[in-house]
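Single-structure report; data block below.
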Amino acid sequence: MDGFAVANIKLCSSASRRAVALREGGFTLLELLIVIGIIGLLLVLVAPAFTTIKGGTDVTDAAYTIKGALDTARTYAKANNTYTWVGFFEEDPTNPPAQGNGRIVISTVASKDGTMIYANPPTSAVTLDPARLVQLGKLTKIENSHLKTFTDGSGTGESFDTRPLVGTAPRPDLDARIGDTTPRSPVSTLQASQFQYPVGGSSPPAQYNFTKIIQFSPSGDSRVANSSYSAKPVVEVGLQPAHGTAPDNNSTNVAAVQLTGFGGNVKIYRR
């Protein structure tokens with residue numbers, strides 16, 4: 001075999017290897033379009049599931065944050081023989097501190113001198129003197145969450161739908177709930193208390209005014225600041241997810257944080 005034939009064979013062999021390599025290491029335009037189409041379809045199908053999972057995670061985090069705030073307030077009240085108050089406020093996350101939906105703000109304060117500060121029962125609406133209060137911890141803000149007033153559970157079990165009754169059948173006790181429509185506003189002139197943030201001896205200008213309030217006494221019992229201000233067997237804080245400034249009213253990922261009015265024990269019920 002002459003040199004030309006050998007060179008020709010080597011050239012053909014090299015070209016064949018390059019063609020095989022191209023076929024093995026790349027995709028045609030049609031194949032790329034098919035893959036992109038499949039990925040797009042999967043995103044459309046899976047995105048709602050991820051949104052649901054995230055909403056459920058947000059509500060769970062919010063519920064445990066609120067449980068922690070309530071436990072801390074009750075423990076401080078008993079340990080220091082004083083009164084504490086946990087205030088809830090919902091603001092517009094795009095325009096804070098304006099009232100709105102989508103971000104829950106929590107502030108916990110305590111009486112400096114161990115007194116209730118106001119008369120019991122109150123004869124008129126009371127604003128707690130900021131100079132007589134001390135802030136417990138930093139202001140807490142919970143994103144993507146909405147305070148919600150739920151109807152009672154059946155009181156027959158331990159799930160969300162069978163959780164303990166907040167009120168007395170057949171009328172749920174609206175005064176024992178922290179939600180979007182409770183405590184009722186406006187209420188009677190016997191509305192017990194409200195307080196501001198920040199607090200201190202110099203009475204600084206208010207950034208937030210809290211009217212949705214749970215109070216703990218030195219003995220650890222809890223009461224909601226409302227028209228009657230009486231101790232309730234069960235107090236409830238309702239939660240549902242929010243997207244931006246819109247509550248997700250179609251979501252089933254909701255939670256109820258309940259505490260016993262006399263014992264102060266806190267428990268979370270999830271749907």
Side-chain angles (χ1 to χ4, degrees), residues 44-70 85-108 139-154 159-167 171-187 191 194 197 207-214 224-226 232 234-259 266-271:
V44 171
L45 295 175
V46 174
F50 277 113
T51 300
T52 300
I53 292 171
K54 184 180 183 303
T57 301
D58 289 338
V59 167
T60 299
D61 291 344
Y64 278 100
T65 299
I66 290 172
K67 181 182 185 300
L70 296 174
W85 295 266
V86 181
F88 298 85
F89 180 87
E90 190 166 354
E91 70 179 357
D92 180 348
T94 65
N95 186 33
Q99 188 170 1
N101 298 316
R103 178 188 291 152
I104 299 173
V105 183
I106 303 174
S107 178
T108 305
L139 202 68
T140 300
K141 296 191 176 185
I142 307 174
E143 306 291 342
N144 304 313
S145 297
H146 173 61
L147 292 171
K148 180 68 174 178
T149 300
F150 296 115
T151 57
D152 262 328
S154 65
S159 67
F160 179 88
D161 293 322
T162 63
R163 70 192 188 282
L165 299 169
V166 176
R171 179 190 175 279
D173 195 335
L174 299 179
D175 287 340
R177 304 172 196 272
I178 301 291
D180 51 355
T181 61
T182 52
R184 292 166 289 175
S185 181
V187 295
Q191 179 180 352
Q194 60 180 330
Y197 174 88
Q207 296 178 24
Y208 295 94
N209 285 300
F210 293 90
T211 58
K212 298 177 185 292
I213 302 169
I214 296 176
V224 175
N226 53 43
K232 307 294 181 182
V234 177
V235 174
E236 179 173 290
V237 182
L239 295 166
Q240 72 175 169
H243 304 298
T245 60
D248 188 353
N249 294 317
N250 295 319
S251 176
T252 58
N253 289 315
V254 296
V257 183
Q258 287 193 354
L259 66 156
V266 184
K267 187 170 182 178
I268 297 171
Y269 296 89
R270 288 295 316 274
R271 175 176 286 164

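Owing to the predicted nature of the structure, the values given are computational and were not obtained by experimental measurement. The residues of the chain are indexed from 1 along the displayed sequence.
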Next item on the list: Could you list the residues that satisfy side-chain contact (heavy atoms from CB on, under 4.5 Å) with Gln207, not counting sequence neighbours?
Entry: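 Gln207 satisfies side-chain contact (heavy atoms from CB on, under 4.5 Å) with Tyr197, Pro198 only.
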Checklist line | Carboxylate-amine/guanidinium proximity below 4.0 Å for Asp180 and Lys212 | finding: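 Here Asp180 does not pair with Lys212 in a salt bridge, since their nearest N and O are not under 4.0 Å apart.
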Margin query: Do Val257 and Val266 make a side-chain contact, defined as non-hydrogen atoms from C-beta onward lying under 4.5 Å apart?
Written below: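 A side-chain contact under 4.5 Å exists here.
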Identify the two heavy atoms, one from [X] and one from [Y], that lie closest to each other, and give their separation to 0.1 Å.
X	Y	answer
Pro93	Thr245	CD-CG2, 3.9 Å
Gly244	Asn144	N-OD1, 4.5 Å
Phe88	Val237	CZ-CG2, 4.2 Å
Asn209	Phe89	O-CD1, 3.7 Å
Pro183	Val224	CG-CG1, 3.9 Å
Gln258	Tyr269	OE1-CE1, 3.7 Å

Next item on the list: Check Arg270, Lys148, Arg271 against Val59 for a side chain to side chain contact (heavy atoms under 4.5 Å, CB included) and give me the one that passes.
Entry: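 Exactly one pass, corresponding to Arg270.
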Note to self: Among Gln99, Arg103, His146, exactly one meets side chain to side chain contact (heavy atoms under 4.5 Å, CB included) together with Glu90. Which residue is that?
What the structure shows: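 Only one of Gln99, Arg103, His146 forms a side chain to side chain contact (heavy atoms under 4.5 Å, CB included) with Glu90, namely His146.
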Notebook entry, point to check: When rounded to the nearest 0.5 angstrom, what distance separates CD in Glu236 from OG1 in Thr149?
Noted result: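 Those atoms lie 9.0 Å apart.
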Checklist line | Pairwise distance CD1(Ile178) to CG(Leu147) - rounded to 0.5 angstrom | finding: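 Rounded to the nearest 0.5 Å, the CD1-CG separation comes to 8.0 Å.
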